[in-house]
There are 2 protein chains.
Amino acid sequence: MSDKHESLERASGKSVGLGDHAYTVLKEKLIRGSFRPGEKLTVRRVAQEFGLSSTPARDALNRLAIEHALVYAGPKTVIVPNLTLSQLREVTEMRLALEGLAAEKGATAISSDMIPALETIQNRINAALDRQAYAEALWANKEFHFFFYERSNMPILVATIEQLWLRIGATFNDLYPAFAISRSGVSNHCAAIEGLRHGDPHEVRAAIETDIRNGYRQLRHVLSERFLEK
Amino acid sequence: MSDKHESLERASGKSVGLGDHAYTVLKEKLIRGSFRPGEKLTVRRVAQEFGLSSTPARDALNRLAIEHALVYAGPKTVIVPNLTLSQLREVTEMRLALEGLAAEKGATAISSDMIPALETIQNRINAALDRQAYAEALWANKEFHFFFYERSNMPILVATIEQLWLRIGATFNDLYPAFAISRSGVSNHCAAIEGLRHGDPHEVRAAIETDIRNGYRQLRHVLSERFLEK
DNA sequence: TTTTCGATTTTGACGCAACAAAAAAATCGA
DNA sequence: TCGATTTTTTTGTTGCGTCAAAATCGAAAA
């Protein structure tokens, strides 16, 4: 993945700077849920951790903040975002529109001989769930979704979707383990594969949309409970 | 508009830095088409132009590049983006999904007593077209669209749509004056207002979508001609 | 005339230090 | 013990010099 990222950078013409490494690592940690929502990240800490001076470290944090992978809590403090209910709802509606489109486009470009690869990913999700390795299940789940999206031949769309996942990533990882991932996602994924077999992009789109909606309902449930606690 | 931007910054907690002014001005110039696609922007030029040192100037350019308002042409050169046909198509499909959603949501929040304000904007578009002041017509056209979007109560969605407009802004401004804006957009806008009168968000959405599609066809036409020239 | 190669100039990235502002800690008073 | 206020520390931003790399221009060769 990081190599793909680099090649993307190169394609866009940007040479690899020192801070890019910090950016990549931080971004991956954010998606994987290595940071807790609300955690503060400072320039000097990043600089020391990666052995850089302040300029490239600040660049990395700035970039993440601009992409909303981090947010400003005060004039001088960037933290890992903590989604509100209304933000979660909004992101979900955008995901339905964007990922529905990407799934449908991607489905038209996926031939039947690529289905085994998808099933392999799904098996990894199931295995991870059995081991209660939720972080890994979430990661494989991302791979499953983007297997469709990345074949849509719409790089801008994929990048935009990735930004949405980045926004909700930390909260997602923080919330799900507590509640455990329901198996409802499994049947939606199977329905998507089934749609692929039928050569019906609409069916794939509907399955992915249902998957997003189901995930939303669970997340909303956990999130609203947590709000009540406070 | 710039005040609204500032308040947005403040709401998100970020204190105003020196480079923010350069960022805001550059961004507005980009949307208004003051730069030609392909034009190169350098750190030192921006620094001198705004009376800053290189660091905040570089920050401003970096931010614009991250938001894709500028793109990398080489490892050390950022330029005003020049859309390809496939990028235009992709952005259009995303606009249909996102702005369709925003228009529908916004329409449900617009009461009938706000229709006159919309008609005022439409009149400004017509007047600008009569005077062949295309840049101004384009600007008013943006206001018309975002009149709906901004009332959707979905700030993340609106920001994402704005980024898409920023991507195509320079090319848009560069292409349209040559061809003149067709009046087809006018009828679509009227249809949107009509939908508002009927209290039918779906009708509004359909009208906006048709407007986007019409604009796309014209832009594609001009753009493909220009490709042949080269 | 076109292309290729090399020298010159320009440019962005980075490190570092100084500064101002915000956050955190400690102190004091009730 | 709690809250407000002052002191201390931490932190982001900025300015500027340096350096390596890329872009540009020109000359020479095909």
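What you see is a predicted model; the values in this text were computed from it and never measured. Atom set for the values below is all heavy atoms of this structure, side chains included, hydrogens, waters and symmetry mates excluded. Letters A, B, ... are given to chains in the order of the sequence lines, protein chains preceding strands, and every chain is numbered from 1.
Annotation: cation-pi geometry satisfied between A:K142 and A:F146 (NZ/CZ under 6.0 angstrom from ring centroid, within 45° of ring axis).
Using a 4.0 Å cut-off between charged side-chain N and carboxylate O, A:E93 and B:K105 make a salt bridge. With respect to the salt-bridge test (charged N to carboxylate O, under 4.0 angstrom), the residues B:E67 and B:R167 do not qualify.
Contact between the side-chain N/O atoms of B:S53 and the OP1/OP2 oxygens of D:dG15 is found at a separation under 4.0 Å. For the OP1/OP2 pair of C:dA24 and a distance below 4.0 Å, the side-chain nitrogens and oxygens of A:K40 include at least one atom meeting the criterion. Residue A:R58 has a polar side-chain atom (N or O) positioned under 4.0 Å from OP1 or OP2 of D:dT13. Listed pair B:K76 / D:dC19 fails the phosphate criterion, with no side-chain N or O lying under 4.0 Å from OP1 or OP2.
Aromatic ring orientation, A:F172 versus A:W165: tilted (interplanar angle from 30° to 60°).
Toward the 5′ end of DNA chain C lies the nearest nucleotide of B:T42, the other residue of the pair B:T55 and B:T42 mapping further downstream. The residue among A:R44 and A:L18 whose nearest nucleotide of DNA chain C lies closer to the 5′ end is A:L18.
Of the candidates D:dT11, C:dA23, C:dG12, C:dA23 carries the atom nearest the A:P75 side chain, counting heavy atoms from C-beta on. Minimum atom distance to the side chain of B:D59 is reached by D:dT14, of the listed C:dG15, D:dT18, D:dT14. Counting only heavy atoms from C-beta on, B:P56 has its side chain closest to D:dG15 among D:dG12, C:dC14, D:dG15.
One atom, CG of B:N62, and another, C1' of D:dT13, lie 15 Å apart when rounded to the nearest Å. In this entry the distance linking CG of B:L70 with C1' of C:dG12 reads 15 Å, nearest Å. Between B:H21 atom NE2 and D:dT14 atom P the separation is 14 Å, expressed in whole Å. To the nearest angstrom, P of D:dT11 lies 12 Å from CG of A:L41. Atom CG of B:L64 is separated from atom P of C:dG12 by 14 Å (rounded to the nearest Å). Atom CD of A:E49 and atom P of D:dT11 are 13 Å apart (whole Å). In this structure, OH of A:Y72 is placed 17 Å from C1' of C:dA23, rounded to the nearest angstrom. One atom, CD of B:Q48, and another, C1' of D:dG15, lie 16 Å apart when rounded to the nearest Å.
Residue A:S54 places no side-chain atom within donor-acceptor reach of the base of C:dC14, judged by atom type and a 3.5 Å distance cut-off alone.
In terms of heavy-atom proximity, B:Q87 sits nearest to B:N82 at OE1-O, 4.0 Å.
Applying the Watson-Crick and G-U wobble criteria (two distances, each under 3.5 Å), C:dG29 pairs with D:dC2. As the counterpart of C:dA22, D:dT9 is assigned, both hydrogen-bonding distances of the Watson-Crick or G-U wobble pattern falling under 3.5 Å.
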